[in-house]
Every structure is written in C-alpha cells, then in structure tokens.
There are 2 protein chains.
Amino acid sequence: MRFVSAEQVAQLAGVSRSAVSRTFTEGASVAPATREKVLKAAEELGYHVNDLARGVLANQSRLVGVVATKPEIGFRAHLTAALTKALIRRGSIPILINTGETEEELLAAQKMLIGHRAEATVILSGSPPASFFELAQRNGQPLVVIGRSEPDADRVLAGNAEASKEAADAFIAAGRHRLAVIGSHSATPSIAERENAFLATAHASGFEVRTAHGRDSDYDSGVIAARALFAEGERPDAIFCANDLLAFGAMDVIRQEFGLSVPENVALIGFDDVPEAAWLSYGLTTFHQDPEAIAARAVTLLDRRQQNPDEPRACERVIPRLVYRNSFPRP
Amino acid sequence: MRFVSAEQVAQLAGVSRSAVSRTFTEGASVAPATREKVLKAAEELGYHVNDLARGVLANQSRLVGVVATKPEIGFRAHLTAALTKALIRRGSIPILINTGETEEELLAAQKMLIGHRAEATVILSGSPPASFFELAQRNGQPLVVIGRSEPDADRVLAGNAEASKEAADAFIAAGRHRLAVIGSHSATPSIAERENAFLATAHASGFEVRTAHGRDSDYDSGVIAARALFAEGERPDAIFCANDLLAFGAMDVIRQEFGLSVPENVALIGFDDVPEAAWLSYGLTTFHQDPEAIAARAVTLLDRRQQNPDEPRACERVIPRLVYRNSFPRP
DNA sequence: ACGCGGTCTGCACGGCTGTGCAGGAAATGG
DNA sequence: CCATTTCCTGCACAGCCGTGCAGACCGCGT
C-alpha cells in the first residue's frame, strides 16, 4: 500500500479511473472541471502515475543505457556528464552502466536494459563483442556508439584522423623533425586512430616517428612512455599524445626527471582539452573536443532513429579544434 | 511485436505461461524437464522477462537514483563511478540524475524516480530543499545522503571534523603558525565542515587563521583564493584547502605567480586524494578518501533499510587518512 | 419542442507478469 | 496392486495502466 493507484484517486474525486488516466495523459480529452477534481484528489493523496505500467503498455520505457568503462577518468567523465544531462533534458532516464572489462558483465548489463525495455543504448567506450550488437539488433534496441567506427550502429565520430594530421603538419612546419607519438596498448579505437593518422602523415612527409605505449591511456602510462622515449635513443623534440592524460604524464617526466623544458626542448600536443590542460602547471596545447556538442549529436541520432527506425545507419561528425597554449605556442 | 512475450514461449515449448514464468522466477517450483523445454524455446525466440511488468506487480523496480551536480568533477567523479559499480554488482540499476542547480529540475527528477518506483535515491551533492525529503518520505523512498548531515535520511559521513583538526594540529606541530584555509562560497556541507573544524582547532590553540573563498570549489577558485591570500596581508606559511582541486589551483599560483616554493615557504594540505594529487607536478599531502569504501557503506545502508524499513535512521562513518607527500612532508 | 452535433465519460479490453489454489500424475510405501 | 504423499502444472486472479467504443448529456439551431 505504499503507492496510490489511479483507482483510489478516481474514488476520491468521484469519477471513473479512465478520467484519472486521461487527466495524466498528454492530449487526451477531459473536461476542465473533471480535470480539476482529479488533480485535486491526486494532490491530496500524493498520486504519481506508475511509469512501469505505462511502459508495459507501450512496450518501451524512457530508459537509455549509457555504457562506459571507467567513467570517472579524463574526457570520458565530461562526456558522461554531458550525455546524462542531455538525456534528462530530453525526458529520458540515463542508466549509467559502469561496466568492468569483463564481457560477461557487459552482457548482464545489456540483458538488464532489454529486460527494462530501454529505448536505446549509448556506448562510450570499450569494445563490445559481436554478440552485443547482435543481441541489440535482435531486440530492436537502437544503438549509438561514440568514437568508434561501428557499421552496425549509429555513431558519433570525432575527426581523429584530420586532427592528428594537423598535429603532424604543425610540428613539421615549426621545424620539429624528431617526432614521437605516445599511445596506449589497450588501444581503444580513438586512441589507435589518432596514433595511426599521425604516423601516416609524418611518414608521408618523410619523417621517422618514435612510438611509445603505456599500458593504459592515463597519466601513469604517459609517465612510463616518456621515460622509455628519453632514457635511450634519439630524444624527440615534439611529441603527439593520444590524449591529455598521457601528455600530462609525459610533460612531468620530461621536465622533472630529465630537466628539459617544454616547449623549448620538447613540444607537446595532446587531445581532448580536459580542464586540466589549462592549469598553470601544464598549459597544454591540445585539440578541443566539446562534450556537450558530442552529447547533442548523440541525442539527435536517438531522435532520428526513433522517428524512423528503418533508416540506414547514420554518422555524425564533430571536428576538434587545436587550442594553442604553452606546450606548443602558436607559430 | 518487437518483444517476445511469455505466452509465445509457452506455446512453442508446449507448456502453460505459468511454467514459463516459474522458470524465470527465483525459487519457483518447476520440473527440470519443463525447465529445459522452456529455456530452449526462450533461447530460440530471444525471450527476456519484462522487468517492467514484474515491477508493476511488485510495486517496485530495481532502479536506484543517484543524484549529483557536476558528477564529472574531482572526487565526485570517483564517488559516482564507485557507487554505480557497487549498485550494478548488487543487482540494482543506477540512474544518474545529473541535475543542474535548479530546484525544479531536481524535483522533476524525483518525480521521475517515484514514477518508476525506484527503490531508493542516493544523494551525492547539492542541497535538496525540504520538500524533497518530504516527498521521498511520503512515497516510502529510502534516501541515502553522502557527506551531509541530514537527520531525515540514512547517511554516510566522512570524518571531516576529525581530519581537519588533524591538519591544524599537524601544521602547528611543524612550527607553521601563519595559517590559512581555502574554502568555497558555494559551501557544500562537507566543505563548510572542513573549514569550520580547521578554524575551531586553530583558534583553540590560539592561532589566527586567514580565510579565502573562491566562487566554487574547483581549480579556478583555488587560483583566485590564493591570489587574494598572497596579494596583500601577511603571507601564510601553511594552507589547508577544503579539497584537492582548490589545493592545485593554490599551489600553482604560489609557485608560478609569486615565485614561492612548496613546502619550504608554504605548506599545503588538501582533501580527497584524487589521483592528480600523486602527479609529479603536485605531490599533494592530502586526506585520502576511498570512494569504493564510501560506496560500499551506502549499499550497506540500502540493504539494511530494505530489510527493515522502519528502523531508525542510520549513519555510517568513514575515516580519511592523511597521506604525506611533498607539499607537507611527514615531520 | 425537437432533432442534431459535439464533447465527455464509463465500460471493457488489452498489454505482461507472479502466485494461490486445486487437481492430476508420478512416485513411494505397504 | 492399491493408497497416500509429493511434486508439478494449469487456471484464474491481481497488479497497474491506456484507449476504442458506445452511450449520455449538453447546447444550439430551427
């Protein structure tokens, strides 16, 4: 008896349950007087429409799954926040599936979403197995993938290739010829794409590029990668880091462990433009990505898919913009 | 026809719908042979129990609301992530309500949660109005509040007062007598508590404390507060910052704008021990808070409340531990 | 006064599920 | 081989809600 049902409201208001239902249904036809009575009774009893029952009827809820591993880290934190905000504003209910790396955890989460008749799933990271896409497709779950070129889903892509090319060209134009790139072993698609595009551009211009990888794509990995680059071999004078966290780690090692200065000895460009990039200690030149813009595109895709379920897969693009700061000043 | 119903599975398996239902209900009595038939048919059709309908019957869903403003920032990001992970592991479904500051936004979110018969709400931040607690109580929504002393809800508290006292004592014992504290105007309860406890302890020992506040409790506010402290008046030689982000901003200003060194000229202690505190550029001495431990306590409270709805409000405490790094080395 | 059109309203049904209850089949004991 | 118990199963109901449909009621024009 914790919750009030429409029946009780109807009784108190002296109308039928249908009238109550119609009062709370957008676009239904109720006489203003009846509506008033119902609203008053509802207020008095503390009635709230049972969205679960509504969902049963519609065979769909307003739940939207947001799947991310490590949603607390770096740019992904900002993306997650922007996305949940955009979803709420749209009237959807974001479910944050903070899944570990395990495939089975992910699958369990997906079953939950299907069980709750979620209207869609947005994937921010990780590399879901093929079975994931298959299951989603089979249950008519619209899928939006961010930062990953997945042909079986709508997707939002950052211009990783274009940006990375721009970075390489900028280094070369500034007379930096001992190039390096720091990526990650746990190559998420975006990270790998950035690394590869940088390599390709540099090679096309006839330059060698040293590469280093940390285990992950976080600060510690940047530290390890930079140590590897500077401990032996020819020291680079320009490093492209696949994301900002890697760049912070690298910058700290370069300055504090090797006594070099940035940007005089080594220029750095990062990716994402997380707020830390503007901190006084770093002043990182980096590609700005707007989490709100990306979230907005994702929501657009959701809307479109919902209106037109059988349309071919769409792809939205967002172009990162190079923000010059101290680690590689504007030429 | 997007989803398969139990009826269809029953038909294919040649049993009644009840048998299907029982197969997917924990602890129901089904013959192994029947169970097999049902599972096979379900697999073939791609059946998933409709959790919405289940929820209608039980008058409760497994949804848990997680309310936070700016869940992408600092310690809160880690707490949010830990909490969602813990909830998922528990079998609950975390809904991330990334609410703006507006009261009405928060209320709308709460209605959503009630409408979906969420089993509980966890509040990570913000200062919900009284009506919020009232509404929750009225609908039997268990409430867990983190880092805020709210008598109308179960709560998880960090030992803000104890820790802040420890900070003041440590500074004084180390011979630092020109104390300062950096807090925030948008005083969330934890921040205010830390600031006040530090002040009280210092005063009790007979020391004056200069105070400075930024607009918020982030990096930029730390920058502004530190500028205010060092631009005029007697310069402090020890600053307690109500969280790590404030400390980073302060440290950068102290070093780079005023050319002072940390910890020789100014010692710093922060709060939270976010990963950035261990970065080479900072090496911040700070109070470690374990997001996983806090999340675990919150889940404990949920479990307890669910088993025993009428128990008096409970309170779990987590004690932060001072981690010594370079900004204030172990004496 | 009467017919007519339009607006509301209530009934009943449909959408899925869990479960008490009674009955049937199988197993077990004598 | 029969009686009794045990274990399953199917029926029917309950839990909420939205909505098509038909009927009631009101207002209005003639």
Side-chain angles (χ1 to χ4, degrees), chain A residues 1-39 41-42 45-63 111-112 114-119 139-140, chain B residues 1-39 41-42 45-63 111-112 114-119 139-140:
Chain A
M1 257 277 293
R2 243 177 62 196
F3 291 98
V4 182
S5 78
E7 184 61 46
Q8 300 173 42
V9 177
Q11 216 148 13
L12 178 62
V15 298
S16 81
R17 195 184 54 70
S18 306
V20 178
S21 178
R22 282 190 245 267
T23 300
F24 290 100
T25 302
E26 200 87 18
S29 146
V30 208
T34 313
R35 179 188 203 79
E36 274 316 305
K37 277 193 294 184
V38 170
L39 285 179
L45 293 176
Y47 171 72
H48 295 270
V49 178
N50 188 334
D51 284 318
L52 297 176
R54 253 192 191 163
V56 171
L57 227 54
N59 217 342
Q60 169 160 343
S61 66
R62 307 215 52 125
L63 271 41
K111 289 198 174 156
M112 257 195 211
I114 293 177
H116 280 80
R117 302 298 188 254
E119 64 177 335
N139 290 281
Chain B
M1 256 280 291
R2 241 177 65 196
F3 290 98
V4 183
S5 79
E7 184 61 45
Q8 299 172 42
V9 176
Q11 216 148 14
L12 178 60
V15 297
S16 81
R17 195 184 53 69
S18 307
V20 178
S21 178
R22 283 190 243 267
T23 300
F24 290 100
T25 303
E26 200 86 18
S29 146
V30 208
T34 313
R35 180 188 202 78
E36 275 315 304
K37 276 193 295 186
V38 171
L39 285 178
L45 294 177
Y47 171 72
H48 295 271
V49 178
N50 188 335
D51 283 317
L52 297 176
R54 253 191 191 164
V56 171
L57 224 55
N59 218 342
Q60 168 158 345
S61 65
R62 308 215 50 127
L63 271 42
K111 289 199 175 158
M112 255 197 214
I114 293 177
H116 279 81
R117 302 300 187 254
E119 63 177 336
N139 290 281

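Sequence lines set the chain letters: A, B, ... in the order given, protein chains first and strands last, and positions in each chain run from 1. Just so it is clear, the structure is predicted and the values come from calculations on it, not from any experiment.
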For this session: Could you tell me whether B/Thr25 contacts a base, only the sugar-phosphate backbone, or nothing, with contacts defined as non-hydrogen atoms closer than 4.0 Å?
Result: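 Sugar-phosphate contact only.
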For this session: Select base, sugar-phosphate, or nothing to describe what A/Ser5 touches, counting heavy atoms under 4.0 Å on all strands.
Result: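 Sugar-phosphate, backbone atoms only, no base.
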Seminar exercise, completed: Between A/Arg17 and A/Ala33, whichever has its closest DNA chain C nucleotide further toward 5' is A/Ala33
For this session: Tell me which of B/Arg22 and A/Ser29 sits closer to the 5' end of DNA chain C, going by the nucleotide each one is nearest to.
Result: A/Ser29
Below the 4.0 Å mark, does [N] have OP1 or OP2 next to a side-chain nitrogen or oxygen of [X]?
X	N	value
A/Asn50	D/dG15	no
B/Asn59	D/dC16	yes
B/Arg54	C/dG18	yes
A/Tyr47	D/dC16	no
A/Ser16	C/dT9	no

Exercise. Has the side chain of A/Thr34 got a donor or acceptor that lies under 3.5 Å from a partner of the other kind on the base of C/dC8?
Worked result: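 In this structure, the two groups form no donor-acceptor pair.
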Select one nucleotide: of [options], the one nearest the side-chain heavy atoms of [X].
X	options	answer
B/Val15	C/dC8, C/dT19, D/dG10	D/dG10
A/Ser18	D/dT19, C/dT9, D/dT9	D/dT19
A/Val49	D/dG18, D/dG10, C/dT17	D/dG18
B/Leu57	D/dC8, D/dA14, C/dT9	D/dA14

For this session: Only one of B/Thr25, B/Val38, B/Leu12, B/Val30 passes side-chain contact (heavy atoms from CB on, under 4.5 Å) with B/Val20; say which it is.
Result: B/Val38
Rounding to an integer number of Å, can you tell me how far [X] [atom1] sits from [N] [atom2]?
X	N	atom1	atom2	value
B/Phe24	C/dC16	CZ	P	16 Å
B/Gln8	C/dG15	CD	C1'	12 Å
B/Leu45	C/dC16	CG	P	14 Å
A/Asp51	D/dC16	CG	C1'	12 Å
A/Lys37	C/dC8	NZ	C1'	12 Å
B/Arg117	C/dT17	CZ	C1'	16 Å
A/Gln60	C/dC16	CD	P	13 Å
A/Gln11	D/dC16	CD	C1'	15 Å

Seminar exercise, completed: Value for CZ (A/Arg54) from CG (A/Asn59), rounded to nearest 0.5 Å, stands at 15.5 Å
For this session: Report the distance from atom CD of A/Glu7 to atom CZ of A/Arg17, rounding to the nearest 0.5 Å.
Result: 7.0 Å
For this session: For the pair B/Ser61 (side chain) and B/Gly55 (backbone), establish whether a donor and an acceptor sit closer than 3.5 Å, ignoring hydrogens and angles.
Result: no
Exercise. Distance-only, no hydrogens or angles: does the B/Thr23 side chain make a donor-acceptor pair with backbone N or O of B/Arg35 under 3.5 Å?
Worked result: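 Not confirmed, B/Thr23 side chain does not pair with B/Arg35 backbone.
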Exercise. If every non-hydrogen atom of B/Gln8 is compared with every non-hydrogen atom of B/Phe3, which pair is closest and at what distance?
Worked result: NE2-O, 4.1 Å
Problem set entry | Residue closer to the 5' end of DNA chain D, B/Ala53 versus B/Val30 (nearest nucleotide) |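 First, find each residue's nearest nucleotide; the 5'-ward one identifies B/Val30.
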